Participant: 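I have a structure here, written as structure tokens, and I will follow up with some questions on it.
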2 protein chains.
Amino acid sequence: MLTERQLLILEAIIQDYTDVGRPIGSKALERQLPMHVSSATIRNEMSVLERLGLVNKEHSSSGRVPSLKGYRYYVDNLVKPDAIDKQTLESIRTSFGSQFFKSDEILAESAQILSEMTNYTAIAFKPESKDVFLQGFRVMPMGKQRVMVILAMSDGTVESQIFNLPKHISGEELEAMVRVINDQVVGLPITQVVDKLQESIPLLLHYVHQPGGFLDVFGRILDKAAQDQFFIGGKLNMLNFVESGDIEQIKTLYSLIDRYDDINDLIGNSGENIQVKIGNELTNSSLANYSLISATYDVNQHGKGLIALLGPTNMPYSKMIGLLGTLREEVASRLLDYYNAYDE
Amino acid sequence: MLTERQLLILEAIIQDYTDVGRPIGSKALERQLPMHVSSATIRNEMSVLERLGLVNKEHSSSGRVPSLKGYRYYVDNLVKPDAIDKQTLESIRTSFGSQFFKSDEILAESAQILSEMTNYTAIAFKPESKDVFLQGFRVMPMGKQRVMVILAMSDGTVESQIFNLPKHISGEELEAMVRVINDQVVGLPITQVVDKLQESIPLLLHYVHQPGGFLDVFGRILDKAAQDQFFIGGKLNMLNFVESGDIEQIKTLYSLIDRYDDINDLIGNSGENIQVKIGNELTNSSLANYSLISATYDVNQHGKGLIALLGPTNMPYSKMIGLLGTLREEVASRLLDYYNAYDE
DNA sequence: CTTAGCACTTAGCCTTATTGAGTGCTAAGT
DNA sequence: ACTTAGCACTCAATAAGGCTAAGTGCTAAG
């Protein structure tokens, strides 16, 4: 267990390091701590903190830098979310436009706002859609041999794609086919749609000669739905924290952040309201200098979603946690407004 | 006018510099030129080339580096497109998959192929669509107060977007509205659609209370169509040529390459079959180290499109020009196959 | 016109101070 | 038993000097 003074020193080291980004020495702390103690005493305390693994030196005669374990300790025990002042809250609210045509826009906007306020990279996930089922399926002819396939999900999202029919199919055939598909898959959870259709191929063969192509279309549409589950704001801000000149790292980061699976693994939110992952707790080694704060938001029967912030390990956690705490409520309330306006 | 020997020297400097990336000195050239002359003679010739502005020194006692003007001269007068060997052609053809659901996929694929073959950044534009008009307009109800608006263009592309009706509108009202819009804008060039609708607001007011929102939707859909006019492959390869550590340049490049207008200005193709822009001929100063080769392709009545390659100024022009010359034909032929298969 | 020879220039690299911030340890003070 | 002044020591960062390799321009002779 740490003494009061040790806690103060740890906290001061972390705060200073967040500000200046350079190791903090005993003299600097001497000037700064609330109580007065000599630098020699501080040195002694710091060597205790170092033995506990909470701070490190960059070399044998440098000042101290918080270790990842130190940040962990700080986040778990010391950090207090900063309250959001009224002005900031106001500016968040005005930043959100007023009219939304799609729920996606709300999330894209919140990622944008979050990144602009912090100069970090922000990620906003749509509400978890594990209970989403296929609500409607239509095919709309668009000229001779071209149809638009439209899938409507129970969460209100709609995906569509044009595709060309390889063989001529008459209007009646098309209708019949649509009926078959409607019977088979409408009402199923979207994860099962493709599997179920696969089983129904014998039936479909009455109407289409290459049901494979047709299945592809479903697969594509649903993939697309899965890919558009999240929105990123301030992607470029990520680059501010690479060790300068490391083009390889930049490439890795960039290819990382565009893929849903990677991002999702990265966050791996355990359901806590607010979760902080620091440096090596992020599975990807290119992110050793980064921390990720994620916050879930709750939109009642529409499920739970998540917003997250990716910044350097030495970010101002209390400020960021406070901000994220506010933003998650804002996002939830915007989404609920949106759903309410149109559900009924 | 340059002598034969001067041409050979210029060409050798450019080729060497493409290979090694370091300034080329007189002794290195002495070993390499087809005829034998002493390094002193080469020095004399090089100083002529320098007076003409075709080569530069990096400092007073360094070897020579081709200047942008030198590259220009080389490209205009000396470069011969390399023939594509059979194996490469074969691999291009197999890289293109066989089945395409949308013409977009062909272009996305060709940008991909081009970037993988060159390790540069490739851009593929859809055929110029200035003659495209709005062919069909539909509104499909998707539940209580939600409709899907679908616009079909004469070039076969289709754009759709869901939107929520702010007030309840009855089925008949919707139908009537659709009829009005159909009368007013179907058949018009897409560039005029929004303007025309604006004029028709009085008419629409019979059916919709906020035609502004409705116009927004049209605007959005058409914007989206404009934005998806091009595809980029190997975006990350761009980063291989920034002066190391210049994060600002990376950011500029990245925000540049995502915007249609910027890319379009950049290429500013004058209609030539193959066009090369070198260094400062590219308007953006972040691209001083880059060259851009663009090649148009022709798909008859469907217009002309363009593929382009963005690489370092010291790229192997003859190879790249040869490659682009082949690829444009491949793209055109794939697209024509695609159009033919479905037009009739 | 070409070439050998020579004096000169420069980047890159290596080595060697110099400085400043910081540490650990010891011994004296409370 | 803590705390603190003092001191010797360490290390990164910077600057300054020297050396080398590659290259140049110029001159004078072939």
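So that the names make sense, note that chain A is the first sequence line, chain B the second, and so on, each numbered from 1. What you are looking at is a predicted structure, and each value in this text was computed from that prediction instead of being measured.
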Participant: If you define the side chain from C-beta out and look only at heavy atoms, does anything of B/Tyr317 sit under 4.5 Å from B/Ser291?
Facilitator: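 Sidechains of B/Ser291 and B/Tyr317: in contact.
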Participant: What integer distance in Å separates B/Glu30:CD from D/dA22:P?
Facilitator: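 Checked: the CD to P distance equals 15 Å.
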Participant: What integer distance in Å separates B/Glu45:CD from C/dT3:C1'?
Facilitator: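 Distance check: B/Glu45 CD to C/dT3 C1' gives 13 Å.
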Participant: Phosphate oxygens OP1/OP2 of C/dG24: is one of them under 4.0 Å from a side-chain N or O of A/Ser47?
Facilitator: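 False: A/Ser47 side-chain N/O out of range (4.0 Å or more) of C/dG24 OP1/OP2.
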Participant: Tell me whether the side-chain N/O atoms of B/Arg5 come closer than 4.0 Å to OP1 or OP2 in C/dT2.
Facilitator: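 So the side-chain polar atoms of B/Arg5 do come within 4.0 Å of the phosphate oxygens OP1 or OP2 of C/dT2, strictly under.
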Participant: Less than 4.0 angstrom between a side-chain N/O of A/Lys57 and OP1 or OP2 of C/dA21, yes or no?
Facilitator: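 Looking at the OP1 and OP2 atoms of C/dA21, neither is under 4.0 Å from any side-chain N or O of A/Lys57.
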Participant: Between B/Leu33 (CG) and C/dT3 (P), how many Å, whole number?
Facilitator: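 In whole Å, C/dT3 P lies 12 Å from B/Leu33 CG.
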Participant: What is the distance, rounded to the nearest whole Å, between atom CZ of B/Arg43 and atom C1' of D/dC26?
Facilitator: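 Atom-to-atom, B/Arg43 to D/dC26, this comes out as 10 Å.
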Participant: Under 4.0 angstrom, heavy atoms only, what part of the nucleic acid is A/Arg22 near: base, sugar-phosphate, or nothing?
Facilitator: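 It contacts nothing in the nucleic acid.
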Participant: How long is the line joining NZ of B/Lys27 and P of D/dG25, in whole Å?
Facilitator: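 Interatomic distance, NZ of B/Lys27 to P of D/dG25: 13 Å.
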Participant: Over how many whole Å does the gap from B/Met46 atom CE to C/dT3 atom C1' extend?
Facilitator: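 Atom CE in B/Met46 sits about 15 Å away from atom C1' in C/dT3.
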Participant: Establish, from distance only, whether the side-chain atoms of B/Thr41 and B/Ser38 form a donor-acceptor pair under 3.5 Å.
Facilitator: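 A donor-acceptor contact under 3.5 Å links the two side chains.
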Participant: Output the rounded distance in Å from CG (A/Asn44) to C1' (C/dT23).
Facilitator: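 My rounded result for the distance is 11 Å.
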Participant: Which pairs count as ring pair (Phe, Tyr, Trp, His ring centres under 6.0 Å) when at least one residue sits in residues 8-62 of chain A, sequence neighbours excluded?
Facilitator: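 Qualifying pairs, neighbours excluded: none.
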Participant: Look at all strands and tell whether A/Thr41 reaches a base, only sugar-phosphate, or nothing, counting heavy atoms closer than 4.0 Å.
Facilitator: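 Since a base atom lies under 4.0 Å of A/Thr41, the category is base.
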Participant: Could you work out which one of D/dG23, C/dA11, C/dA21 sits closest to the side chain of B/Ser61?
Facilitator: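 Of all the options, the side chain of B/Ser61 is nearest to D/dG23.
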Participant: Examine D/dG23: is either OP1 or OP2 under 4.0 Å from a nitrogen or oxygen in the side chain of B/Ser60? Give yes or no.
Facilitator: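 No.
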Participant: Side-chain N or O of B/Ser38 versus OP1/OP2 of C/dT3: is the shortest distance under 4.0 Å?
Facilitator: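 The answer is yes; a side-chain N or O of B/Ser38 sits under 4.0 Å from OP1 or OP2.
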Participant: Given that both distances must come in under 3.5 Å, which nucleotide forms a Watson-Crick or G-U wobble pair with C/dG24?
Facilitator: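 Partner of C/dG24: D/dC7.
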Participant: Side-chain contact test, heavy atoms from C-beta onward, threshold under 4.5 Å: evaluate it for B/Leu287 versus B/Leu266 and give yes or no.
Facilitator: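 They are in side-chain contact.
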Participant: Check whether any side-chain heavy atom of B/Asn289 lies under 4.5 Å from a side-chain heavy atom of B/Pro312, and answer yes or no.
Facilitator: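 With C-beta onward as the side chain, the pair stays apart.
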Participant: Closer to the 5' end of DNA chain D via nearest nucleotide, is it B/Gly25 or A/Ser39?
Facilitator: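 Final value for this comparison: A/Ser39.
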Participant: Return the pairing partner of C/dT30 with a 3.5 Å limit on both distances, Watson-Crick or G-U wobble; otherwise return none.
Facilitator: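 Across any shown strand, C/dT30 pairs with D/dA1.
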